[in-house]
Amino acid sequence: MPVQKLALTLVLFLLTFSLIAQDYFFKDKAPFDSNIPSPETFLGYPIGEQHTRHDQIVSYFTRLAELSDRASITIYGKTHEHRKLVILTVSSEENLGNLDNLKTQHLSFTNPEESPTNYSEVPVFINLGYNVHGNEPSSSEAAMLTAYTLVASNSDEVLNYLNNSVIFIDPTINPDGRDRHTQWANQFKSNSLVSDGIDAEHNEAWPRGRTNHYWFDLNRDWLLAVHPESRGKLTWYHEWYPNVVTDFHEMGTNSNYFFEPMKPIGSQDPIMPKENYEALNNLFAPYFSNALDNIGSFYFTKEAFDGTYPGYGSSYPDLQGGLALLFEQASSRGHLQDTDYGTISFPFTIRNQYVSSIATIKASVENKATLRKYQQDFFKSAVTKKAKTGFSAYEFGDAYDMNRNKAFIDKLLLHKIKVYKQGEKYIVPLKQPQHRMVQTMFETYTKFRDSVFYDASAWSVVNFYNIKYRGLRSAMIGEEITSTANLVNVARVQRSSYAYIIDGDDYNAPAAIYYLQSKDIKVAAAFKPFSIKTANGNKAFNYGSILVPVSKQKKSSDEVYNIVSEAQNKYDVPLFAVNTGFSTKGVDLGSRNFVNLDKPKAALLVGNGVSSYEAGEVWHLFDTRINMPVTKLQMRNLKNASLDKYNTLIMVSGNYNQLDSLQRQKITRWTSQGNTLITIANASKWAVEKKLVEEKLTEKEKDSTKTEIVKRLPYVDASEHLGREKVGGAIFEVDLDVTHPLGFGYRSSSLPVYKNNEVFLSPSKNEYSTVAKYTANPHIDGFISNDNLNIFLKPSASLIVSPLGKGRVIMFADNPNFRGSWYGTNRLFLNAVFLGSKISVPKDDN
Ligand SMILES: [Zn+2]
């Protein structure tokens, strides 16, 4: 064929394909403004033919905003990998020109002090959110089709939507994860599509694209607000309070489509108004069923997914007077994949998400008065409703650790919860527009009407921070705190030629230690408490306080002072100059109970079979709070890697049966040379089962006098019964030995821990090894079955250190770093890292 003819055929082919694509997605939305490029014109390929990179999506949205008076673009943040987080605001030209005024009118419905009644006159505010899980890619492609439809269509239907709504399109909530998956799917795509599910295209490499840069699930972070993606979104959210919010996902390839209503909420006394998950969802559901029936797509509702955990994109907006909607599309994970019903294609998944986006807008516009009235009632009831607890406020505060108080208050302020300072304590009144968020942060629940949860069943965030708190029946509220900027007010350290001491109670003390060690400053930890005269008066120091002896350094006292000052400026730690080694109480500064610390050189096992969540939590903690490098050692490299350059190896939950006996011996030999192996959750179980340590798991006692009778049960109940025996995420109280180096920096032996596993360690036979054990009545918050609580948990240990040659294995049964939010237990883990090499297990040889 001559070249020109070939080119012509190609053009014709592309044109035909485009027309088909137009027809496939939006045949009833014509006419379109020909000055506005469709996504395929802009990108150069029809939607669904490739996975679109996030920067291309941003470029397309930017172009739409440049070309059209119906659209404007806002950047609300940047990801860890510096990708832009954007929102395209779309409405009629008239509404957009009048947006400030519309916003004021809209917000007056969220203000309990105002009582506007023009419910149907103000356009409804809709936030279409897409692709929070990076490897659930159909929805961002649908976001482009939705944006194009709204910006370019001149159909009566679309013009009506634009006149009656303001639509905020967030095309990619998790751009870093999306691009990981986009790169994967495109690089393995064949011209002749391979639908075989085992093909590389359909099977991403570890850690996969679901999560963000640090392998966190952003669809849990709306409550915990650890990451820039969520922090940017929350700041945007509390500026706009949309009436309706979507959250688009994908699920297993052999499924169909899911929209709300979900499974009824699992809490016995849900914080969210019942109208939300009953009346409003039932109002919206027919719009989705009609839209999907129209294109012949199958779907289900009610059976699965619950909105109990408040940190989902499909539950948080419900706590802000909006209606949050979850959508789940069966994934093509790749461009075409085999299923039990033939193949599922990427364009097919995109079309269902697109159709549901448009149906959301239609439902919102046609019910805008109901939605507005609902939001108004929601915020009015917040200041009138009485808490079932009878409390009018909560009082909290840690007397010893201002940086931990500050981190918690930062979260409260981000959620627009009003906080006041009263004397040495902080007060959060319940009578405020964010009443339900106050409940979320402070209330605990131990009874539920359901026993199987999609995620955690405990989220009393105050317990994550190990901050003492109590409910008050009446309270003086004091002075409002509007910023965390001046909360930590430590006196700047003065110059000393003798020594400096860092207060060991501070959350940032480990970060300060690492800073000093990285500058070659020698530091020692106090293994016993003491009081001494400092430049700021006499002061009592706890176990784990840090001594910087000036004359023992290789640097001049001026250099030491500069480095010590830098550490304080960077981490705001209480740091004191002393000019004598003679303590007024307890050990002197020259005591053997000051133990010189080694700089941690840590490796973390990552890769196939390892929990990327738990590994990401460790990486995130070191990288963002301690500013300490940690080597991410891939499982496949363990065999050949030399461990000699590390003194600490961290193993989080994972399938370690893949390690053969040679690799186990390698870890054992290295540990026994004096190093520290830290195991978390399932890795602790592995260490016990593979006999790296002489410890045991808690077992159910068998009564040999009775024969077990197997009870018959209905098949249909099996998943419910089995699900009940999972510990999906709950909070328990442990008794901590605060004199043990792993317990340094704690003032109270009572400590809340987070458990989301069935790892139950027996207390050690060694009297000094069980550092933390569950208390007699440990249940603080969340669901646990009676068997798990009484037979397994209560007799068990939460934290054990066991000797291995000259080294030691530090075993956590629970997760001390859960979701980057457990400031209360992070310290146990950091003590294991910073003090690990100095921990010996005393033996009673009798
Ligand atoms: Zn998802």
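The figures here come from the full heavy-atom set of this structure, side chains too, leaving out hydrogens, waters and symmetry mates.
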Problem - salt_bridge(Asp598, Lys522) N-O dist < 4.0 Å - result: no

Problem - Geometric cation-pi criterion, Lys528 with Phe530: 6.0 Å, 45° - result: no

Practice task
Might you confirm whether atom NZ of Lys468 has over 12 heavy atoms from other residues, nucleotides or ligands at distances under 6.0 Å?
Solution key: yes

Exercise for the section: Please check if any side-chain donor atom of Asn682 sits under 3.5 Å from a side-chain acceptor atom of Glu614, or the reverse. Expected result: no

Handout entry: Side-chain ion pair, Arg231 and Asp410, N-O less than 4.0 Å
Key = yes

Problem - Any donor-acceptor N or O pair under 3.5 Å, side chains Lys411, Tyr465 - result: yes

Problem - Side chain to side chain, Leu828 and Tyr746, heavy atoms closer than 4.5 Å - result: yes

Handout entry: Ring centroid separation His620 to His227 under 6.0 Å
Key = yes

Problem - Between Ser557 and Arg495, a side-chain donor and acceptor under 3.5 Å - result: yes

Problem - Any donor-acceptor N/O pair, Asn403 side chain to Asp572 backbone, under 3.5 Å - result: yes

Handout entry: Straight-line distance of Ile810 CD1 to Leu799 CG, nearest 0.5 Å
Key = 7.5 Å

Problem - Side chains of Lys552 and Asn596 in contact at under 4.5 Å (non-hydrogen atoms) - result: no

Exercise for the section: Ignoring hydrogens and angles, tell me if any N or O in the side chain of Asp588 forms a donor-acceptor pair with the backbone of Phe582 under 3.5 Å. Expected result: no

Exercise for the section: May I ask you to check whether Asp814 and Tyr774 show a side-chain donor-acceptor distance below 3.5 Å? Expected result: yes

Practice task
Would you check if there is a donor-acceptor pair between the side chains of Glu229 and Thr79 at a distance under 3.5 Å?
Solution key: no

Handout entry: His213 and His80 aromatic ring geometry - parallel, tilted or perpendicular at 30°/60° bounds
Key = tilted

Fill in the blank from the handout: Interatomic distance, CG@Leu643 vs CG@Leu649, rounded to 0.5 Å, equals 6.5 Å

Handout entry: Between Tyr515 and Asn508: side-chain donor-acceptor atoms closer than 3.5 Å
Key = no

Exercise for the section: For atom NZ of Lys666, decide whether the heavy atoms of other residues, nucleotides or ligands shown that lie under 6.0 angstrom number more than 12. Expected result: yes

Handout entry: Distance-only donor-acceptor check, side chains Asn542 and Tyr400, under 3.5 Å
Key = no

Practice task
Check whether more than 12 heavy atoms from other residues, nucleotides or ligands sit under 6.0 Å from atom NZ of Lys533, and answer yes or no.
Solution key: no

Practice task
Establish, from distance only, whether the side-chain atoms of Asn757 and Lys755 form a donor-acceptor pair under 3.5 Å.
Solution key: yes

Exercise for the section: Tell me, yes or no, whether the heavy-atom count around Asn486 atom CG, taken from other residues, nucleotides or ligands under 6.0 Å, exceeds 12. Expected result: no

Handout entry: SB check Arg747 Asp398 (cutoff 4.0 Å)
Key = no

Practice task
Calculate, to the nearest 0.5 Å, the distance between atoms OG and CZ belonging to Ser802 and Arg808 respectively.
Solution key: 11.5 Å

Handout entry: Residues Asn647 and Ser837: side-chain donor-acceptor under 3.5 angstrom
Key = no

Problem - Flag if over 12 foreign heavy atoms under 6.0 Å of CZ, Arg592 - result: no

Exercise for the section: Find the distance between OG (Ser798) and CE (Met811) and round it off to the nearest 0.5 Å. Expected result: 12.0 Å

Handout entry: Residue from Ile780, Leu736, Thr825, Asn466 passing side-chain contact (heavy atoms from CB on, under 4.5 Å) with Val753
Key = Thr825

Problem - Asp176 and Arg83 ion-paired at < 4.0 Å - result: yes

Problem - Check: Asn579/Ser496 side-chain N/O donor and acceptor closer than 3.5 Å - result: yes

Exercise for the section: Measure the acute angle between the ring planes of Phe408 and Phe396, then classify it against the limits of 30° and 60° as parallel, tilted or perpendicular. Expected result: perpendicular

Exercise for the section: For residues Lys570 and Asn627, determine if any side-chain heavy atom of one lies less than 4.5 Å from a side-chain heavy atom of the other. Expected result: yes

Problem - Tyr507: partners by ring pair (Phe, Tyr, Trp, His ring centres under 6.0 Å), with sequence neighbours left out - result: Tyr823

Practice task
Return yes when atom CD of Gln658 has more than 12 non-hydrogen atoms of other residues, nucleotides or ligands closer than 6.0 Å, and no otherwise.
Solution key: yes

Practice task
Check whether any side-chain N or O of Glu617 sits under 3.5 Å from a backbone N or O of Arg819 as a donor-acceptor pair, and report yes or no.
Solution key: yes

Exercise for the section: Measure the CZ-CG distance between Phe594 and Leu589 for me, rounded to the nearest 0.5 Å. Expected result: 5.0 Å

Problem - Over 12 foreign heavy atoms within 6.0 Å of NZ, Lys601 - result: no

Practice task
Measure the acute angle between the ring planes of Phe576 and Phe541, then classify it against the limits of 30° and 60° as parallel, tilted or perpendicular.
Solution key: perpendicular

Problem - Nearest-0.5 Å distance that lies between atom CG in Asn569 and atom CD in Glu566 - result: 8.0 Å

